[in-house]
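As the structure is a computational prediction, the values presented were derived from the model and not from experiment. Hydrogens, waters and symmetry mates play no part in the numbers below; they use all other heavy atoms, side chains included.
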Amino acid sequence: LRAALERAFALDAWLPNEATSKLFCSMEKLPSPPDLYFRVVRALYSADASLDVVGDMIAQDPSMTAKILQAVNSSATALQNPVISPFEAVQYLGVEATRSLILLAHTYSYFDQQRGAGVSVEELWRHSLRCGRIAQRIAEVEEADAELVEAAYTAGILHDIGKLGISDEILKKPSGLTEHEYEIIKRHPIVGFELIKHNDYLSSAAKIVLCHHERWDGTGYPRGLKGK
C-alpha cells in the first residue's frame, strides 16, 4: 500500500497546474477497472500462470471477447489468417497488451454508455488500435526487447484515452475550434493521465499519455516541455 501511494504522489507531480483538480471535479465519474481485469492480472502473475486460463476468462465475457478479437484482427495487424478465439488472441498480443486492452475496452464501453448514441467512441477505438500497432512495429524495427515492444503497444493504444472525456460537439466539429474549445481539447492528455496513473501496471504509460503532445521546441501541451 505504501509503495502504491508513493507512486501515486510521484505521478501527481507531473500534472501541469492546480486547474487540473477543478477539471476532475466537473467530471461526474471516472471508471474503475472491471473485475475481469483483476482476475486476469492475478492469473498472469500467479505461479501456475497459463494463457489457456486467461483465454477462458476472457471467453466468459462476450463483450470483452468481441473487443479483444476486433483488436487482434484489425487491419493494422495485417494477419494472414483471422484469430477466432480469446486464447489465440492472448497468444498473439502478449501479457501486457492483453491486460491493457481489457482496461481500454472497459473504459471505452463505460463512456459509450454514458454518452449515448451517435458518439465517436468506436472511431477513437479504431484509431487507438492503429497507433498501438504502429508504435509496436517501430519498436520491433528498432530491435527493442520484448518488454519494450509490449510497452510501446500499450502506450500507443492508450495515448488518446483522455478524449473520451471531451464532448463530440468539439471532437467532431467540422469547422475551426474557438480558443476556448482548443483549450478543452488540450486537456485530453491530463484526463488520460488521470484515468490510468493509479494503475500499478500502467504508471509508465501514464507519463507517455500525459506528454504525447509535447514538442521539442516547447510549443506543445499541456506542460510546454522543451528540449530533452
Check your understanding: Once the angle between the rings of His213 and Tyr221 is folded into 0 to 90°, is it parallel (under 30°), tilted (30 to 60°) or perpendicular (over 60°)?
Key ->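 Taking Tyr221 first and then His213, their aromatic rings lie parallel (interplane angle under 30°).
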
Practice item. Run the salt-bridge test on Arg137 and Glu140 with the 4.0 Å N-O cut-off and return the result as yes or no. Key: yes

Review point. Do Val149 and Ile208 share a hydrophobic cluster, counting only Ile, Leu, Val, Met, Phe, Trp and Tyr and linking them when any side-chain heavy atoms are less than 4.5 Å apart?
Key: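 No, it is not one cluster - the side chains of Val149 and Ile208 are not joined through contacts under 4.5 Å.
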
Could you check if a side-chain atom of [X] sits within less than 4.5 angstrom of a side-chain atom of [Y], using non-hydrogen atoms only?
X      : Y      : answer
Ile58  : Thr98  : yes
Ile185 : Leu171 : yes
Val72  : Gln91  : no
Val83  : Leu69  : yes
Tyr153 : Leu129 : yes
Met64  : Met57  : no

Check your understanding: Does Ser128 reach the main-chain N or O of Leu158 with its side chain, forming a donor-acceptor pair under 3.5 Å?
Key -> no

Exercise for review: Measure from the side-chain N and O atoms of Lys67 to the backbone N and O of Gln70, and report whether any donor-acceptor pair falls under 3.5 Å.
Suggested key: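 Between the backbone of Gln70 and the side chain of Lys67 there is no qualifying donor-acceptor contact (under 3.5 Å).
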
If you round to the nearest 0.5 Å, how far is [atom2] of [Y] from [atom1] of [X]?
X      : Y      : atom1 : atom2 : value
His188 : Leu124 : NE2   : CG    : 9.0 Å
Glu142 : Asp145 : CD    : CG    : 13.0 Å
Ile138 : Arg133 : CD1   : CZ    : 10.5 Å
Ser85  : Asp56  : OG    : CG    : 9.5 Å

**Study point:** Derivation and outcome, salt bridge (charged side-chain N to carboxylate O under 4.0 Å, His left out), residues Glu123 and Arg126
**Key:** CA-CA 5 Å; Glu123 181 181 338; Arg126 292 194 297 268; 5.5 Å; no

For [X] and [Y], work out which heavy atoms get closest and say how close.
X      : Y      : answer
Trp125 : Ala71  : CZ2-CB, 4.4 Å
His212 : Pro189 : CE1-CG, 4.1 Å
Cys131 : Gly156 : CB-O, 3.6 Å
Cys211 : Arg223 : SG-NH1, 4.4 Å
Pro82  : Asn73  : CA-OD1, 3.3 Å
His159 : Val209 : O-CG1, 3.8 Å

Review point. Checking side chain to side chain contact (heavy atoms under 4.5 Å, CB included) for the pair Lys173/Thr178: CA distance, chi angles, key distance, verdict?
Key: CA-CA 10 Å; Lys173 186 177 180 181; Thr178 66; 4.0 Å; yes

Check your understanding: Does CG in Leu177 sit with more than 12 non-hydrogen atoms of other residues, nucleotides or ligands closer than 6.0 Å?
Key -> yes

